[in-house]
Each structure stands twice: as C-alpha cells, then as structure tokens.
Amino acid sequence: MPELPEVETVANELNHKLKNRKVADVEIRAAKIVGVGPATLSPKRSIPPGVVEKFKKIVLGQKFVSVRRRAKLLIFDLSGPWSMLVHLKMTGQFIFEDKILRKATGGQYRLLNKKDAPKVALPAKHTHVIFYFADKSVLYFNDVRKFGYLKLVHDTEVGKVREFLEYGPEPLDKKFTLPAFLTQVKKRPKGKIKQVLMDNKVVVGIGNIYSDEILFHAKVRPTRKVSSLKPNELVAIYRAIGPVLKKGIKAKGSSVGDFVRTDGSWGGMGKFHFVYGRKGQKCKKCGSVIQVVKLGGRTGSYCPKCQV
DNA sequence: TTCAATGTTTAGAC
DNA sequence: GGTCTAAACATTGA
C-alpha cells in the first residue's frame, strides 16, 4: 500500500518524467475519481454535475511544472494557477508511458502484486483517468477500488484544503524533533502506540506497514499504551522512524498490495520487512514465530520475543 | 458464501 | 473532547 516512501517514490519519478509536458487531452472514465475545489472528496459525496467537463477544461493545455509530496498526498503544480492533489489511498497507481518505455515493455505492465499475475496492456479495466501529452507520451491512473482521487484546487485555495489543515509534521522534516514528537504522542496517553503512529495529526505518512516495522526496530509491541511507554522506549520509537522510512524510499517503496512504480515495476522494500506480512514466519533476528494482533480493525504484526 | 485486506472519513457510544 | 468501535467506500482472492 502506498505510504510515505511509496508516495515519495511516485512523486520523485513523476516530477522527473512529467516536467514541462503539455496536456493535449484528458480521458475521464470514472467521474467519481475527479473533483474541482478544495472540498474533501469523501466516499459518499454525490458527483457534482459538470465536474468532468470542468476538470478537463482546466487541465487542457496546461504543463506540469513539478510533482511533490505532502503526507500521502501528491501535489502536481500546473503551469496555470491550479494544482492537482492526488491521493492513491490503497490501490491507486500511476503508470507513465513514452515511446522508449513502450518499446521496453511491449506495452505490457504489471497491475497486480501477485507473483504470477499476468502483465496487462493499458488502458486496462481499472484505468480511470488518462492524460495524453502533446509529445505523445501518456500517464495512466489506475485504481482497482476507486478510493483514490484527483482533485484540482486553485492555487489561492490550496491553504483551505482540509487535509493540509489537519496534517501533523512530516517525519523527515527537521522540524520533527524529539520534543515535538513527544508533545504530540503524549496528547494521546490512552492510545495504543501503533494507532497513534498512524494518526496523521501526530505525524504524517506512516501506515500499517511502516508502523509495524518502526515498532519492531524500537522493540515495542504495537498494542502498548502510550502511557505505559518508558522514556527510552519513546526515544527508540522516534529514532526508528527516520531510518525505516528512508530505507523504504531507497528501496523505491514496498510492493505490498497493489503498489507499483511509475514504470510498472515493483518496489524493493518488501524483502526488508521484519514483521509486516510475515505472520507465522520466523523472526529474522531471533527465530520466534511472528504473531498478529487486531487493533481497531487493523492487523499489527510483531515478534513476541524481540518486542516487549 | 463469507471474510479479510487496506487508508481515510464519518457516525455513534461511552 | 478523547477514545474506541464499526461502517462505508470497491474489488479481489482465499
């Protein structure tokens, strides 16, 4: 699933690949995916009339200036006074294709993470938005579950987007200091540490995979209440966050679920997982069997010997 | 046929 | 308001 390292990977790759490309046409095959304006695109919202036409009108003729990341949101800066905010949620994918890539892949891409899943040609069943560029390159947005969204926001209104207003600090930012972390975490003394780490108000970008991995490295069980954590344990958690996320970025993300890079290839983080997705397997450090526990409908994986 | 998976929002209970 | 739980969103695969 895309968490901070996966979204960072997509942002970096698209920033490089889309720079200065001009949109010649947009094809929107699922209206619920797109939006115009700062309002949150909640699942149950009704689709505003004319949103597809509005979206197209704004984007046509625009150039992509840059792509960056805030939390798990992608921010595409357009040459006009508009930005496009994209959330991949759980299964969103971007695949960029130019002549060279098409030649290299034969136009066949991986869209699923199953080892034996056949590669498919794009656009595919779950391709919902397609950007055609003036130089004949193409950007596909795929999303099996349609939870993701592409939202155009006028540059003067980006500050009004609720997601941004509620986000806590970026974990890799210099402002994310130990005291800042402790202040945030201690606001939630009764919360379980894994859920607190995944709360975007505390720190952004950490989801199920990386919270499990961070807690393994900190030797703390996911179910521990914040109030029960000793100072040295909180410090260990804080110190694990940066290195674990940076390792994920270096590996170009973790291909669990449907995450793929923008050329359709898989990220390499999966083989570095110590606990996530390893239920029933042996701990890489001590050989104990990895256990799972339910936390508010989510699964937490941990080593019963390494984590206290 | 039912259930789990996943990120996020929303609603309701205490 | 903090905290917890469950439901909703769409789809697939076990």
### Message
Would you call the rings of A/F55 and A/F131 parallel, tilted or perpendicular, taking 30° and 60° as the class edges?
### Response
tilted
### Query
If you check the A/N208 side chain, which of B/dG7, C/dT11, B/dA5 turns out closest?
B/dG7
### Query
Do any side-chain nitrogens or oxygens of A/T299 fall under 4.0 Å of OP1 or OP2 in B/dA5?
yes
#### Entry: For A/E213, all residues meeting salt bridge (Lys or Arg N to Asp or Glu O under 4.0 Å), sequence neighbours excluded
none
### Task
Using modelled atom types only, decide if a donor and an acceptor are shared between the side chain of A/T183 and the backbone of A/P179 within a distance under 3.5 Å.
yes
#### Entry: Side-chain cluster (under 4.5 Å, hydrophobic types only) that A/F216 belongs to, other residues
A/F274, A/V275, A/I290
### Task
With DNA chain C as reference, determine whether A/K225 or A/K146 sits nearer its 5' end, using the nearest nucleotide of each.
A/K225
### Task
May I ask you to evaluate whether A/H87 reaches the phosphate of B/dT8, defined as a side-chain N or O under 4.0 Å from OP1 or OP2?
yes
What's touching nucleotides 1-3 of chain B from the protein side, N or O pairs under 3.5 Å?
none

### Query
So, is A/H126 near the phosphate of C/dA10, with a side-chain N or O under 4.0 Å from OP1 or OP2?
no
### Message
In whole Å, measure the gap between the P atoms of C/dA6 and B/dC3 for me.
### Response
14 Å
## Note on the structure
Those residues at least two apart in sequence (or on a different chain) that pass side chain to side chain donor-acceptor pair (under 3.5 Å) with A/H154 are A/T156
### Task
Output all residues satisfying side-chain contact (heavy atoms from CB on, under 4.5 Å) with A/A39, sequence neighbours left out; order by chain, then residue number.
none
### Summary
In terms of heavy-atom contacts, A/L14 and A/T262 come closest through CD2-CG2, 3.6 Å
#### Entry: Contacts of A/D155 that satisfy side chain to side chain donor-acceptor pair (under 3.5 Å) - sequence neighbours left out
A/S83
### Task
Describe, in one word, how the ring planes of A/F133 and A/F64 are oriented to each other, choosing from parallel (under 30°), tilted (30 to 60°) and perpendicular (over 60°).
perpendicular
### Task
Measure the distance from CE on A/M90 to C1' on C/dA8 and round it to the nearest whole Å.
11 Å
### Message
If you compare all heavy atoms of A/L234 against all heavy atoms of A/K186, which two are closest, and at what distance to 0.1 Å?
### Response
CD1-CE, 4.1 Å
### Message
Tell me whether the side-chain N or O atoms of A/R298 pair up with the base of B/dT8 as donor and acceptor below 3.5 Å, since no angle test is needed here.
### Response
yes
#### Entry: With A/R29 via side chain to side chain donor-acceptor pair (under 3.5 Å) - residues at least two apart
A/E27
### All stems with DNA chain B, defined as three or more consecutive Watson-Crick or G-U pairs under 3.5 Å
B:2-5 with C:11-14, B:7-14 with C:2-9
### Query
Is there aromatic stacking of A/F147 against C/dC9, centre distance under 5.5 Å, plane angle under 30°?
yes
### Task
Using whole Å, report how far CG of A/L295 lies from P of B/dG7.
13 Å
### Message
Rounded to whole Å, how long is the line connecting atom CD of A/Q93 with atom P of C/dT12?
### Response
13 Å
### Query
Would you say the ring centroid of A/F94 lies under 6.0 angstrom from that of A/F76?
yes
#### Entry: B/dT8 OP1/OP2 closer than 4.0 Å to side-chain N/O of A/Y167
no
### Query
Side chain of A/K72: nearest nucleotide among C/dT11, B/dG7, B/dT6?
B/dG7
### Query
In whole angstroms, how far is the C1' atom of C/dA10 from the CZ atom of A/F141?
13 Å
#### Entry: Side-chain cluster (under 4.5 Å, hydrophobic types only) that A/L165 belongs to, other residues
none
### Check against salt bridge (charged side-chain N to carboxylate O under 4.0 Å, His left out), A/R224 and A/E233
CA-CA 11 Å; A/R224 289 279 299 281; A/E233 290 177 316; 2.7 Å; yes
#### Entry: Separation of the C1' atoms in C/dT3 and B/dT6, to the nearest angstrom
22 Å
## Note on the structure
note: A/E166, atom CD; B/dG7, atom P; distance rounded to Å ~ 18 Å
### Query
CG of A/L88 versus P of B/dG7: gap in Å, rounded?
12 Å
Might you list the N or O atoms of the protein lying below 3.5 Å from N or O atoms in nucleotides 11-14 of chain B, with each pair's distance?
none

### Query
Under a single-linkage rule joining Ile, Leu, Val, Met, Phe, Trp and Tyr whose side-chain heavy atoms are separated by less than 4.5 Å, which residues share a cluster with A/L295?
A/V293, A/Y302
#### Entry: Whole-Å gap separating P (B/dT8) and CG (A/D143)
13 Å
### Query
Taking DNA chain C as the partner, which of residues 189-205 of chain A come within under 4.0 angstrom of it by heavy atom?
A/P189, A/K190, A/G191
### Message
From CZ of A/R145 over to C1' of C/dT11, roughly how many Å is that when rounded to an integer?
### Response
5 Å
### Query
Looking only at atom P, what distance separates C/dT12 and B/dT8, rounded to whole Å?
22 Å
### Query
Closest to the A/K32 side chain: C/dA10, B/dT10, B/dT8?
C/dA10
